[in-house]
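Report on the following structure.
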Amino acid sequence: MLSNIAIQFMNGLAGASSLFLVAAGLSIIFGVSRIVNFAHGSLYMLGVYLAYTLVEFFGRSSIFGFWGGVLMAALCVGLIGVVIEVVVLRRIYRAPELFQLLATFALVLVIKDAALYIWGAEDLVGPRAAGLRGAVEIFGKRFPQYDLVLIAIGPAVLGLLWLLMNRTRWGTLVRAATQDREMVGALGVNQSGLFTGVFFLGAFLAGLGGAVQLPREPAQLMLDITVISDAFVVVVVGGMGSIGGAFLAALLIAQAKAFCIGLGDVSVFGMVFSFSKFTLVVEFVIMAVVLVVRPWGLLGKQQGAQRGAFTVEPPLYPLNQAFWLTVLGLVVLLGLMPLGGDDYLLVLLIDIAVFALFAVTLHFLMGPSGMVSFGHAAYFGLGCYGAALAFLKLKLPMELALLASPLAGGLGALLFGWFCVRLSGVYLAMLTLAFAQIAWSVIYQWDAFTGGSNGLIGLWPSEWLKNRTAFYYFALVLCVAGVLFLWRVVHAPFGYALRAGRDSALRADAIGIDVRRFQWFGFTLAGAFAGLAGGLFAFSKGSISPESLAVSRSVDGLVMVLLGGVQTLTGPVAGAAVFTWLQDSIARNTEYWRAILGLTILVIVLAFPQGIAGFLKQVATRVGVMRSREAVS
């Protein structure tokens with residue numbers, strides 16, 4: 001027993017080193033630039049692939065060949081980070097932070113397909129480290145020599161980073177920019193050069209974290225998403241911008257995972273608990289607990305307001321007659337489209353209607369309520385499973401089963417929202433992600449009730465809705481009604497209270513508005529309608545899987561909202577339509593559809609930082625189609 005505990009403890013230390021390298025780079029980049037870099041996991045993935053190629057080139061059998069390849073891979077990834085910063089991110093530093101996040105997500109798509117083109121879809125298994133292919137005996141168990149070296153790399157890099165940040169002028173400037181980057185610029189420091197250097201260091205650490213993992217895991221295309229979620233958790237648990245906090249959090253999370261693997265299956269009073277399965281979600285449970293107890297992480301500090309970092313939200317004027325006539329015309333057009341289309345067009349239109357409602361619910365949180373969510377798919381997925389379980393387990397008719405979808409989504413949002421509304425900014429977003437992953441893990445592993453990873457099948461509409469056209473009209477009516485209701489709520493006193501709490505919580509509280517309570521109710525309302533969208537999605541497809549709650553679904557919702565424009569009510573509808581159509585049409589015509597979609601998103605972000613609907617609104621105002629005072633917001 002003692003030997004097993006010791007080995008798992010050592011495994012945890014080895015895993016923590018690589019995780020720390022990635023998280024430290026992400027923390028440094030965020031601390032200075034305030035960019036939540038989704039592409040950081042892609043840089044880690046490139047580190048593994050480049051290490052595989054360079055080690056093969058230099059010679060896998062020599063110590064110089066292996067370690068030379070590892071360091072060269074990290075340097076190459078650092079230079080790729082410089083290119084990303086100079087070519088893309090430098091152009092959008094003045095854009096809202098959420099659009100910067102959208103740009104980094106587009107880079108994820110481009111880098112993934114670039115890796116697919118260069119290295120192919122097969123997993124690439126790297127060589128063992130030359131000179132470290134043996135094992136040592138610890139308490140009677142054999143432990144790889146390479147993992148001992150990996151354990152030492154983490155503390156060594158931590159020490160070097162401490163010296164860099166505390167004993168050099170450049171490190172002093174980085175720490176100053178982390179506290180107040182506008183003041184650093186006012187003192188005459190070249191911010192562009194500083195940001196480029198920070199991105200090189202952060203990308204180098206991500207590449208190094210991936211490269212040193214080559215003997216432990218194969219290079220494969222899913223590493224980016226897997227690693228970025230873990231890195232985000234480490235950074236948030238440790239405290240945004242805290243390198244020491246990232247090291248402490250990496251140790252905590254890696255040891256927790258190793259401990260769960262070591263325990264395996266444990267029987268308590270006749271009940272078997274599989275702790276090995278708990279590794280899928282243990283880091284998110286830790287993050288949720290830490291954020292609830294200590295909202296700024298273990299070693300983090302409350303972020304002060306950055307001068308010039310906020311944009312003034314335009315006022316939401318009453319929806320005028322021109323707006324309603326436009327909406328009516330669009331609905332009529334959607335109603336006529338099935339007359340000249342085929343089944344494929346109807347499937348696409350149903351998806352657009354469902355995801356338009358889903359995107360509007362997320363916009364309701366992000367825009368009027370001011371709450372960014374990285375886990376909004378949880379309520380969409382709970383709606384899917386609520387309707388499916390009511391239909392399959394309770395044998396309710398489809399119409400009644402569909403009512404369970406907003407109920408399930410709303411109850412989930414009611415529970416999770418009670419904790420989430422106590423935070424703000426990135427910490428709020430990450431707590432929503434934690435709860436979404438916890439919900440996903442429960443559904444993914446509860447085979448007897450939810451079908452586990454296989455999902456549920458046999459979700460057929462009622463007889464009068466089996467015709468695809470009839471179901472399209474049914475979904476269109478419900479989705480349009482849901483969208484219009486949420487728009488109406490935004491212009492009701494409840495919506496004004498939400499916007500007051502978003503713009504100035506202290507002033508809203510001073511005039512008697514219970515900001516947290518209103519945000520909690522708004523969170524629940526958004527979750528309920530997201531659940532309705534999920535229920536419609538389930539019956540439109542005939543089956544569901546845990547993917548409906550996955551991080552990728554939440555990211556899709558973010559992209560839809562940001563593409564359309566956060567500061568317009570019509571933005572999420574336009575974003576959902578464009579994104580769904582692009583994703584479907586490009587994916588059917590090329591294997592590298594992610595790269596094309598990512599480049600398209602980048603062009604939109606760079607050309608229209610206010611979003612598609614925001615740009616159209618701006619153009620309409622300029623040409624006099626509508627007075628700026630009456631512009632639809």
Side-chain angles (χ1 to χ4, degrees), residues 1-25 41 44-45 47-52 54-56 58 60-74 123-161 204-220 223 226-227 230-231 233-234 246-264 275-276 279 282-283:
M1 182 66 178
L2 180 61
S3 60
N4 289 333
I5 293 175
I7 290 297
Q8 290 303 326
F9 177 77
M10 299 293 286
N11 284 329
L13 291 178
S17 283
S18 180
L19 188 55
F20 163 68
L21 294 178
V22 185
Y44 173 95
M45 179 185 72
V48 183
Y49 274 112
L50 287 171
Y52 176 86
L54 291 171
V55 168
E56 291 290 332
F58 288 123
R60 63 165 63 195
S61 60
S62 69
I63 294 177
F64 170 79
F66 178 82
W67 291 108
V70 165
L71 291 177
M72 282 295 297
D123 293 358
L124 303 178
V125 180
R128 295 182 181 180
L132 297 171
R133 295 173 180 172
V136 296
E137 191 168 301
I138 300 177
F139 293 105
K141 298 286 187 178
R142 296 179 63 80
F143 188 77
Q145 292 177 337
Y146 180 76
D147 284 9
L148 289 175
V149 175
L150 196 59
I151 290 172
I153 289 177
V157 171
L158 175 63
L160 291 174
L161 288 175
F204 173 83
L205 290 172
L208 182 61
V212 297
Q213 283 292 99
L214 182 63
R216 304 181 85 227
E217 65 178 339
Q220 49 106 353
L223 284 175
T226 303
V227 170
D230 288 344
V233 170
V234 169
F247 184 77
L248 178 61
L251 282 176
L252 175 63
I253 290 171
Q255 290 297 344
K257 285 188 172 183
F259 180 74
C260 290
I261 293 173
L263 283 178
F275 281 90
S276 57
T279 55
V282 62
E283 67 264 41

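Just the heavy atoms: all of them, side chains too, but no hydrogens, waters or symmetry mates, feed the values below.
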Seminar exercise, completed: Heavy-atom nearest pair, Val282 first then Ala256, reads CG2-CB, 3.9 Å

Problem set entry | Interatomic spacing from CG in Leu54 to OH in Tyr49 - rounded to 0.5 Å | 14.5 Å

Problem set entry | Which atom of Val234 lies closest to which atom of Ala23, heavy atoms considered | CG1-CB, 3.4 Å

Exercise. Should Ile151 and Met10 count as side-chain neighbours, where that means a heavy-atom distance under 4.5 Å?
Worked result: yes

Exercise. Which residue pairs pass the salt bridge (Lys or Arg N to Asp or Glu O under 4.0 Å) test with at least one member in residues 249-259, sequence neighbours excluded?
Worked result: Asp230-Lys257, Lys257-Glu283

Please set out all donor-acceptor pairs under 3.5 angstrom arising from side-chain atoms of residues 204-211, sequence neighbours excluded.
none

Problem set entry | Considering all heavy atoms, the nearest Ala254-Gly15 contact | CB-C, 4.2 Å

Exercise. Residues in ring pair (Phe, Tyr, Trp, His ring centres under 6.0 Å) with Phe247, at least two apart?
Worked result: Phe20

For this session: For the pair Ser17 (side chain) and Leu150 (backbone), establish whether a donor and an acceptor sit closer than 3.5 Å, ignoring hydrogens and angles.
Result: yes

Exercise. So, Tyr52 side chain and Pro218 main chain: donor-acceptor pair closer than 3.5 Å or not?
Worked result: no

Kindly list each side-chain donor-acceptor pair under 3.5 angstrom involving residues 131-139, sequence neighbours excluded, with atom names and distances?
unit_1	atom_1	unit_2	atom_2	d
Arg133	NH2	Arg60	O	3.2

Problem set entry | Partners meeting side chain to side chain contact (heavy atoms under 4.5 Å, CB included) with Val48 (sequence neighbours left out) | Tyr44, Leu214, Ala219, Leu223

Exercise. Between Phe9 and Gln255, is a side-chain contact (heavy atoms from CB on, under 4.5 Å) present by the stated rule, with each step listed?
Worked result: CA-CA 6 Å; Phe9 177 77; Gln255 290 297 344; 3.4 Å; yes

Exercise. When rounded to the nearest 0.5 angstrom, what distance separates CG in Leu160 from CD1 in Ile153?
Worked result: 11.5 Å

Exercise. What's the shortest heavy-atom distance between Val55 and Pro127, and which atoms?
Worked result: CG1-CG, 3.7 Å

Problem set entry | Check: Leu251 and Leu13 side chains under 4.5 Å, non-hydrogen atoms | yes

Seminar exercise, completed: What one should report as the nearest heavy-atom pair of Gly47 and Ala73 is O-CB, 3.9 Å

Exercise. Is there a side-chain contact between Phe58 and Val70, using heavy atoms and a 4.5 Å cut-off?
Worked result: no

Exercise. What do you reckon, is CZ of Phe143 surrounded by more than 12 foreign heavy atoms closer than 6.0 Å?
Worked result: yes

Exercise. Atom CH2 in Trp67, atom CE in Met72: separation rounded to 0.5 Å?
Worked result: 16.0 Å

For this session: Enter the distance from Arg216:CZ to Asn11:CG here, rounded to the nearest 0.5 Å.
Result: 6.5 Å

Seminar exercise, completed: Applied to residues 148-159, the salt bridge (Lys or Arg N to Asp or Glu O under 4.0 Å) test, sequence neighbours excluded, yields none

